[in-house]
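Numbered from 1 within each chain, the chains take letters A, B, ... in sequence-line order.
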Amino acid sequence: MKLTYEKLKNEKDTLARYGIIHTDYGDYETPMFMPVGTKATVKMLDPKELYDVHAGIILANTYHLWLRPGEDLVKKAGGLHQFMNYDGPILTDSGGFQVFSLAKNKEKDITEDGVHFKSHIDGAKLFLTPEKSIEIQNKLDSDIAMSFDECPPYPVSYDYMKKSVERTLRWAKRGKEVHQNDHQCLFGIVQGGEFEDLRKWSAIETVKLNFDGYSIGGTSVGEDKITMYKMIDYSVKYLPDDKLRYLMGVGDPLDLLEGVIRGIDIFDCVLPTRIARHGQAFTRHGKINLHNLKFKEDFTPLDDHCDCDTCKNYTKAYIRHLITSDEGLGGRLLSIHNIRFLIQMMEEIRQAIKEDRLLSYKDEFIKNYEQKNK
RNA sequence: GCGAAUAUGGUGAAGUGGUUAACACACCAGUUUGUGGCACUGGCAUGCGUGGGUUCGAUCCCCACUAUUCGCC
């Protein structure tokens, strides 16, 4: 069956919504944070640890799996779930973001037909099209496939953005036409940068194509936070109430709050796992860097209120030792904590929505989170 | 006891008679938002073993001392 979304409640004072996603793997509440597992693994964690942190949907990446090990091999393995042994829903990104990060010369490399890039592994010339992206995602057998889009950098001229949005729309249509999969959803992506009329137009036209859900792309590409929040505002109001709304690539705790308040249901981000590998942790009192000397003899957990295995069993002093000694376990313990931190935060956000007190939750959260800067 | 060589930051080390003593590692701090898996950006010797001398000026030249290493007795 296809994954479906059921909205259960709108918060009184904001656009925030509480809902449930029904899937073959069970029901999951929204708003939710989705950990990123680009190459069919959330870096450093195994599926058991993902269940432990109460992960729901996780992400995998079409581009990376296309290159290695190849979609045919994954299909032979029985699909992504079986291949990586994850018994939960999986969303595949389309490879569109690699247009942003790998296509060097936008004018030349991005054509109507598709995008030319160079493999980040061996430099081989590659060509990805909307049809090919959908075909790969079909074979990977994820639960949610994403349309192949262009994610332009920030800033970009109005004219460029307009052309890009039009092309992304044509790509969305082409992808939809070749997508034939009874148990895989397909999401459309709203682009348009910071331009209000382009966001509106992109949203309205994308919705006309009738996707199973909609995401807001083109954020967190270098713009400031105020601009990012505007991009969300300009897009969300044209999206249907009964479909899932996904803000791509956003995972800073404060941005999650602002996103939810603006009507976003799901988020994904590499931040928790990437900063973990670089020795940093989210805490209720802001982000901390375990490299810092001040933690050398700190025998308390990362966060007093966290219920993750890392916080239940290890001290900052030990984790700092692992990080400074370049021991892999350090990154793993931090990854577990950081993912759990965001998921836990979403649990609290859902509770706040149910009780119509999201704004006061936000004020309280920010008060604590920014405390360390005083 | 005699002879020789060397003495530069936490470490390994470049270097020059004259503005800010190279580089690397370590260390310290910051960054990271649809992941190019250990990254990126900064900071870090008011000082060149100690004391004296030569010189307008010495980390660089000279002398003594001290330490280390090697060789000889």
| A/Tyr18 ring centre to A/Lys354 NZ or CZ under 6.0 Å, with the angle to the axis within 45°? | yes

| P gap between B/rC48 and B/rU8, integer Å | 11 Å

| When we call it a touch if two heavy atoms are under 4.0 Å apart, what does A/Gln191 touch: a base, just sugar-phosphate, or nothing? | base

| CZ of A/Arg277 versus P of B/rG36: gap in Å, rounded? | 10 Å

| A/Asp242 with A/Lys7: basic N within carboxylate O range, under 4.0 Å | no

| What's the closest nucleotide to the A/Cys151 side chain, out of B/rU31, B/rU35, B/rG34? | B/rG34

| task | Give a yes or no on whether the ring-centroid distance for A/Tyr51 and A/Tyr86 is below 6.0 angstrom. | result | yes

| Is A/His278 stacked on the base of B/rA39, with ring centres under 5.5 Å apart and planes under 30° apart? | yes

| said: Can you tell me if A/Asn289 touches the phosphate of B/rA29, counting only side-chain N or O atoms and a distance under 4.0 Å to OP1 or OP2? | reply: no

| C1' atoms of B/rC63 and B/rA21, separation to the nearest Å | 26 Å

| task | Select one nucleotide: of B/rA39, B/rU35, B/rG30, the one nearest the side-chain heavy atoms of A/Asn292. | result | B/rG30

| task | For B/rA45 versus B/rC40, give the span between their P atoms, rounded off to a whole number of Å. | result | 23 Å

| message | Checking base pairs now: Watson-Crick or wobble, both atom distances under 3.5 Å. What partners B/rG34? | response | none

| A/Leu59 near the nucleic acid: base, sugar-phosphate alone, or nothing, with a heavy-atom cut-off under 4.0 Å? | sugar-phosphate

| task | Would you indicate which nucleotide in B/rU31, B/rG34, B/rA29 comes nearest to any side-chain atom of A/Asp149? | result | B/rG34

| note | Here the distance between atom P of B/rG34 and atom CE of A/Met34, to the nearest Å, is 11 Å

| request: Would you mind classifying the nucleic acid contact of A/Asp326 as base, sugar-phosphate or nothing, using non-hydrogen atoms under 4.0 angstrom? | output: base

| task | To the nearest Å, give me how far apart CG (A/Leu45) and P (B/rU35) are. | result | 17 Å

| query | Just checking A/Gly218: base, sugar-phosphate only, or nothing, at a heavy-atom cut-off of under 4.0 Å? | reply | base

| task | Side chain of A/Leu293 only, please: which of B/rU35, B/rC28, B/rG34 is the nearest? | result | B/rC28

| Where do A/Lys118 and A/Leu102 come nearest, in terms of heavy atoms and distance? | O-CD1, 4.2 Å

| task | Indicate, with yes or no, if the rings of A/Tyr318 and A/Phe299 have centres closer together than 6.0 Å. | result | no

| Any-strand Watson-Crick or G-U partner of B/rC48, both distances under 3.5 Å | none

| note | note: A/Ile323, atom CD1; B/rG37, atom P; distance rounded to Å ~ 17 Å

| said: What contact category does A/Lys296 fall into here, base, sugar-phosphate, or nothing, at under 4.0 angstrom with non-hydrogen atoms? | reply: nothing

| task | Sticking with atom C1', work out how far B/rU50 lies from B/rU66, rounded to a whole angstrom. | result | 7 Å

| field | Watson-Crick or G-U wobble mate for B/rG12, both contacts under 3.5 Å | value | B/rC23

| field | Side-chain N,O (A/Lys39) to OP1/OP2 (B/rG37) below 4.0 Å | value | yes

| query | Is the base of B/rG49 syn or anti, if syn means a glycosidic angle within 90° of 0? | reply | anti

| query | Between atom NE2 in A/His291 and atom C1' in B/rU41, what is the gap in whole Å? | reply | 14 Å

| note | Across every strand shown, the nucleotide meeting Watson-Crick or G-U wobble geometry with B/rU69 (both distances under 3.5 Å) is B/rA4

| note | Atom CG of A/Leu342 and atom P of B/rG34 are separated, to the nearest Å, by 12 Å

| query | Just to confirm, is there a sub-4.0 Å distance from OP1 or OP2 of B/rG36 to any side-chain nitrogen or oxygen of A/Gln98? | reply | yes

| Between A/Gly328 and A/Val221, who's closer to the 5' end of RNA chain B by nearest nucleotide? | A/Val221

| said: Rounding to an integer number of angstrom, what distance separates B/rG1 and B/rU55 when you compare their P atoms? | reply: 36 Å

| Electrostatic pair A/Glu194:A/Lys230 at N-O distance under 4.0 angstrom | no

| said: So A/Thr273, base contact, sugar-phosphate only, or nothing? Heavy-atom distance under 4.0 Å. | reply: base

| query | Where the side chain of A/Met44 is defined as all heavy atoms beyond and including C-beta, which of B/rG34, B/rU35, B/rG37 is the nearest nucleotide? | reply | B/rG37

| Inter-nucleotide C1' distance (B/rA7, B/rG12), Å rounded | 15 Å

| query | Taking atom P of B/rU31 as reference, at what distance in whole Å does atom CZ of A/Phe282 sit? | reply | 12 Å

| Does the gap between the ring centers of A/His116 and A/Phe127 come in under 6.0 Å? | yes

| query | Taking any strand in view, what nucleotide pairs with B/rC56 in a Watson-Crick or G-U wobble way, both distances under 3.5 Å? | reply | B/rG18

| task | Report the distance from atom CG of A/Leu271 to atom P of B/rA39, rounded to the nearest whole Å. | result | 18 Å

| query | So what does A/Asp255 touch, heavy atoms closer than 4.0 Å: a base, only the sugar-phosphate, or nothing? | reply | base

| Pairwise C1' distance for B/rU59 and B/rG43, with rounding to whole Å | 24 Å

| query | Which sits closer to the 5' end of RNA chain B, A/Lys225 or A/Arg320, going by the nucleotide each is nearest to? | reply | A/Arg320

| field | A/His120/A/His64 aromatic ring centres below 6.0 Å | value | yes

| said: In whole Å, measure the gap between the P atoms of B/rG17 and B/rA64 for me. | reply: 23 Å

| query | Can you find a donor-acceptor N/O pair under 3.5 angstrom joining the side chain of A/Arg274 to the base of B/rU31? | reply | no

| task | Taking the six-membered ring for Trp and the single ring otherwise, decide whether the centroids of A/Tyr25 and A/His81 are under 6.0 Å apart. | result | yes

